[in-house]
Amino acid sequence: MNYIKFVDVTNRDGVQTSRLGLAKLQKTIINLMLNEMGITQSEFGFPTTKHELNYLNGNLELVERGVINKTKLSGWMRAIKKDVIESFRNVPKLQYINMSQSTSEQMINGKYQGKKTPKDVLNDTLEALNEAISQNARIIGVNAEDASRSNLDYLIEYARESKRYGASRFRYCDTLGFDDPQTAYNRIYSIAKEAQIDIELHFHNDLGMATACSVMGARAAIDAGVDAWINTAINGMGERAGNADLVSCILAITKSSGFKDKYRIDPQIDISKAWKLAKYTSYAFGVPIPMNQVAVGANAFAHESGIHADGALKDRRNYELYDYEELGRGEPEIIETGRMITVGEYGGIKGFRNVFHGLELEFHDEAEARNILELARYANVHTQQPLVDSELRFIYFYPDIAAKIMTVDPYYSPSGALKERMERLEQIAGSRIV
């Protein structure tokens, strides 16, 4: 039996949203919440990017400790040998990876400017695959960027050859949101049927069809006899108009007339964690959840018109397709309107102890309290937002990992003109001292 599984890309594609981003602590909390929800995989970052390294290695330590035990953490890189070598040198415990190459005529010509042919792209990918296998990568996904505008026969060859060289999955990337659901189904069915390799579905929302294309692509993969892996982002975050929304895709498969009881998702997924995850991600990005957002928007279960209100009160099934309790909604939320003590970069020990007492977390001695306080101060500098309960709890229970992921060692090795300029400045400063 084949399943539809999920690779959430919030911490890789979502953070590429222009003018937005996440602190490494926030990315870590999202990984923990994805794990709590049972999401199959999190594409958690870029192992060739220097400022990611402490965060990536720190999160893999959480895996080793059994803290992240359901969600696999995977890194993204270009499908070229040197990126693979650098990735495993930077993040030695990496086991799951996705490697990407542009496959459309538009991008091969437009990005490589005639320096590469489709054959070169395939050869680069196969060479990168060989290197990844030699580095003991456990699961390797091969990505076709701009697949929706790529030649179908070439994609089939690309997928088939990648599988022959050891790839576990083929990622069909609708990089510009170009596909419609029926076209997505037809193309992905052909690739899956011919290559017999698990298919990842990566759709952008430029035309508002990312969720529809994702679930139809998943249906195509299952119908062709392989597993489907839908790429999603929490609250639909991502470049331009965003990626397919995680909760929308799960509900489309489990609740819609054409999918319910016919196609199966990863059985470890717990949709009751959706509300908590969506709220935290909204806070971390600083982007409010649209009131009409599927399942988690303020109006998702709101009724005003007389006919609708009357019907919903008589029987919720009259106007609600699924229950808000299924999503973890419905519990009252306490909002403090009187005195409030918060933890920040200038907080003191008394207020800090008060906040942690409210979380029912106690310190064994003064030294422990002051150590955690100092980390909390750094965390506030790191996020530039008031720290929330999940962040404070993480710092309390995993202070060493918290310290690691919040530490960024700037890569600074001046060369060329910059090196000459800095040497001149040093000479000027030295002459003034003399």
Exercise. Which residues satisfy the side chain to side chain donor-acceptor pair (under 3.5 Å) test with S148, sequence neighbours excluded?
Worked result: D174
For this session: Check the pair H303 / E320 against side-chain hydrogen bond (donor to acceptor under 3.5 Å, both in side chains), numbers first and verdict last.
Result: CA-CA 10 Å; H303 309 278; E320 294 175 5; 2.8 Å; yes
Exercise. Relative to the ring of Y396, is the ring of F356 parallel (under 30°), tilted (30 to 60°) or perpendicular (over 60°)?
Worked result: tilted
Problem set entry | Other residues, nucleotides, ligands: >12 heavy atoms within 6.0 Å of R149 CZ | yes
Exercise. Under 6.0 Å from the CD atom of E331, do we count more than 12 heavy atoms belonging to anything else shown?
Worked result: no
Seminar exercise, completed: Heavy-atom closest pair (Y165 atom, I133 atom, distance to 0.1 Å) is O-CD1, 2.9 Å
Exercise. Passes ring-ring contact (aromatic ring centres under 6.0 Å, His included), F352 versus F363? Steps please.
Worked result: CA-CA 11 Å; F352 178 73; F363 300 106; 5.5 Å; yes
Exercise. Do K5 and E200 meet the salt-bridge criterion of a basic N to acidic O distance under 4.0 Å?
Worked result: no
Exercise. More than 12 foreign heavy atoms under 6.0 Å from NZ of K260: is that the case here?
Worked result: no
Problem set entry | Minimum heavy-atom distance between I30 and N11, given as atom pair plus value | CG2-ND2, 3.9 Å
Seminar exercise, completed: salt bridge (charged side-chain N to carboxylate O under 4.0 Å, His left out) with R353: of E366, E362, E368, only one passes, and it is E366
Exercise. How are the rings of F170 and Y158 set to each other: parallel, tilted or perpendicular (split at 30° and 60°)?
Worked result: perpendicular
For this session: Check the surroundings of atom NZ in K116: do more than 12 heavy atoms from other residues, nucleotides or ligands lie under 6.0 Å from it?
Result: yes
For this session: Go through the steps for D223 and Y185 under the test side-chain hydrogen bond (donor to acceptor under 3.5 Å, both in side chains), then give the verdict.
Result: CA-CA 10 Å; D223 289 352; Y185 179 93; 2.8 Å; yes
For this session: Evaluate side-chain hydrogen bond (donor to acceptor under 3.5 Å, both in side chains) for T40 paired with D266, printing each intermediate quantity in order.
Result: CA-CA 7 Å; T40 324; D266 187 339; 2.9 Å; yes
Exercise. Got a second to check how far I253's CD1 is from R264's CZ, nearest 0.5 Å?
Worked result: 13.0 Å
